[in-house]
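One structure below.
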Amino acid sequence: MGRFVVIVLDSYGVGAMADVKEVRPRDLGSNTALHIMEKNPEIQLPTLEALGLMNAIGKEYKQHRFSETANWGTANLAHHGADSFLGHQEIMGTTPKIPLIQPFNAKIDVVEEALVTHGYSVRRVGAADEPKILVVNDCVTVGDNLETDYGQVYNVTGCLDLISYEALKEIGHCVREVVQVSRVITFGGEQVDLNDLLAARKVKNNEIAGVDAPESGVYNHGYQVVHLGYGIDKNVQVPTILDKADITVSLLGKVADIVQTESPRLFPGVDSDELFDSLLGEVREIERGFICLNIQETDLAGHAEDVSRYSDRLEVSDRRIKELLPLLQEGDVLIVMADHGNDPTIGHSNHTRERVPLLVYSKGIEKKQIGERKTLADVGATVADYFNVAAPQHGSSFLTKISN
């Protein structure tokens, strides 16, 4: 029992789930990993392919071949939709209850009243015949998240030169208390003002309205974020279970913002190379513990429908995973996976409901198949089994399938 490392290549799905015809017909035919290869056949992913990427896709493509030695499987999504926040809660061993689907303007009256009651100055922005956003204290906007499925997520976006992050979070909690959607993402950045936010305001299909966060520049300087979820009990998730057992937990990247833990080893950020630097540092320092890294830049490229950028971020990840492997000792376990899909070729810019790869590396272990798992929570259950602690709320361990 040593290190158990999970790398989540955010949105790197390997094919539409069987239920998409009924629940998400616009995702029919999606296959993020394969379609990126088809659009960019020169992409070089030797490490991921050695770990079983093509096995998980279930198809070879030109020079991209099956691995004869890989330990691999796939996993379906048990959570509703295809969502990073819910996906990571599921990875940690829970399946959150189904939230409401409500575009922000269905709740704008309730949110506005709550904010005014708490003493904030609030005004609406938007033309008379279109959905509105709220501006709070002339430095914060509240509206729909434009990147995920309509009505699942609201954004509270702030200018951190004009409001402290702690005060911004108070606004986020005020919104969270009166809405039932999956997430209220509360975030801000420095060197942006209200004009920057409003210049990035967009309306989609006259149904949702919000601020395009990348376009606003809020990610560029001093970015801070917290994801406020609906119906999440951290006490039945792997990080908290490990915390209580005094086993080290280290969360890097987006996962540090969206999974609750008492661990002080949190490394939020977006830049892939910087996050891999942090991961390698943690592996060198931690002798026994759970380390989880989320690479978000793949997902951002998917939202931008940018195959070239997505390919580049995958190649960076492939090279850095190659650096990681020699640091892992006998008994350590690495899982490379995703949390959903985000096929940049499918014709829309939202997440796609896809199976995800489960690529497993453990020194000296080869040719193990873990099958098609029903839920991402099987990963959390396997982590708990590895450390011999209480099982999380959901999931079935596959530890015996990846052992000698």
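All values below were derived from every heavy atom in this structure, side-chain atoms included, with hydrogens, water molecules and symmetry-related copies excluded.
Applying side-chain hydrogen bond (donor to acceptor under 3.5 Å, both in side chains) to H79 and the options E90, Q89, H340, R353 leaves one that passes, E90. Paired with I171 under the rule side-chain contact (heavy atoms from CB on, under 4.5 Å), one option of V156, V184, L134 passes, and it is V156. Tested against H351 for a side-chain hydrogen bond (donor to acceptor under 3.5 Å, both in side chains), the candidates D299, D149, D83 yield a single pass: D299.
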Would you check, one step at a time, whether the test side chain to side chain contact (heavy atoms under 4.5 Å, CB included) holds for I370 with N71? CA-CA 8 Å; I370 57 179; N71 312 305; over 6 Å; no
Should V153 and I185 be marked as a side chain to side chain contact (heavy atoms under 4.5 Å, CB included) after you check the CA-CA gap, both sets of side-chain angles, and the distance that decides it? CA-CA 7 Å; V153 181; I185 308 178; 3.6 Å; yes
Please evaluate residues E262 and K234 with respect to the criterion salt bridge (charged side-chain N to carboxylate O under 4.0 Å, His left out), reporting the C-alpha separation (whole Å), side-chain torsions for both, the decisive distance (0.1 Å), and the verdict. CA-CA 10 Å; E262 299 303 316; K234 69 177 185 179; 2.7 Å; yes
Go through the steps for Y386 and S397 under the test side chain to side chain donor-acceptor pair (under 3.5 Å), then give the verdict. CA-CA 9 Å; Y386 177 85; S397 172; over 6 Å; no
Take T352 and H348 through the side chain to side chain contact (heavy atoms under 4.5 Å, CB included) test and state the conclusion after the steps. CA-CA 9 Å; T352 42; H348 64 75; 3.8 Å; yes
List the steps, then state whether side chain to side chain contact (heavy atoms under 4.5 Å, CB included) holds for L358 with R373. CA-CA 9 Å; L358 295 176; R373 316 300 295 189; 3.7 Å; yes
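Remark: the Y12 side chain and the D339 side chain contain no N/O donor-acceptor pair separated by less than 3.5 Å. No donor-acceptor contact under 3.5 angstrom links the side chains of S349 and E147, judged on distance only. Using a 3.5 Å distance cut-off with no hydrogens or angles, the side chains of N76 and E372 do pair a donor with an acceptor. Using modelled atom types and a 3.5 Å distance limit, the side chains of S164 and E166 yield no donor-acceptor pair. Checking D243 against T261 by side-chain atom types alone, a donor-acceptor pair falls below 3.5 Å. Side-chain contact, S67 with N55: no donor N or O sits under 3.5 Å from an acceptor N or O. Side chains of D343 and T345: a donor on one and an acceptor on the other come within 3.5 Å.
Residues A106 and Q102 share a closest heavy-atom pair of CB-CB, 4.3 Å. Here the closest non-hydrogen pair linking G158 and V140 is CA-CG2, 4.1 Å. Listed here is the closest heavy atom pair of S362 and V333: OG-CG2, 4.2 Å. For the residue pair V249 and R265, the shortest heavy atom distance occurs at O-CB, 3.5 Å. Contact between G13 and A338 at its shortest, heavy atoms only, is N-CB, 4.4 Å. Closest approach of A391 and I241 over heavy atoms only: O-CD1, 3.8 Å.
With values rounded to the nearest 0.5 angstrom, L162 atom CG is found 11.0 Å from L168 atom CG. Taking CZ from F267 and CD from E274, the interatomic distance works out to 13.0 Å, rounded to the nearest 0.5 Å. Separation of atoms OG1 (T248) and CD1 (I286) is listed at 5.5 Å; rounding is to 0.5 Å. With rounding to the nearest 0.5 Å, the separation of CG in N137 from SG in C159 is 11.5 Å. A distance of 14.0 Å separates NZ in K363 from CG in L334, rounded to the nearest 0.5 Å. Going from atom OG of S311 over to atom CG of D318 covers 12.0 Å, rounded to the nearest 0.5 Å.
Between F4 and R288 the shortest side-chain heavy-atom distance does not fall below 4.5 Å. At least one side-chain heavy atom of F387 sits under 4.5 Å from a side-chain heavy atom of L242. In this structure the side chain of F276 reaches within 4.5 angstrom of the side chain of I295, judged on heavy atoms. For the pair V360/I335, a side-chain contact is recorded, criterion being any heavy-atom separation below 4.5 Å from C-beta on. Looking only at side-chain heavy atoms (C-beta outward), C292 and M92 come within less than 4.5 Å of each other. In this structure, V336 and L9 have side chains that are in contact, with non-hydrogen atoms separated by less than 4.5 Å. Residues I36 and N31 are not in side-chain contact: their nearest non-hydrogen atoms beyond the backbone lie 4.5 Å or more apart. Considering only heavy atoms from C-beta on, Q237 stays 4.5 Å or farther from Q393 through its side chain.
Taking the six-membered ring where the residue is Trp, the centroids of H227 and H88 are separated by 6.0 Å or more.
Side chain of D271 to main chain of D273: a donor-acceptor pair is present (N/O by atom type, distance under 3.5 Å, no hydrogens or angles).
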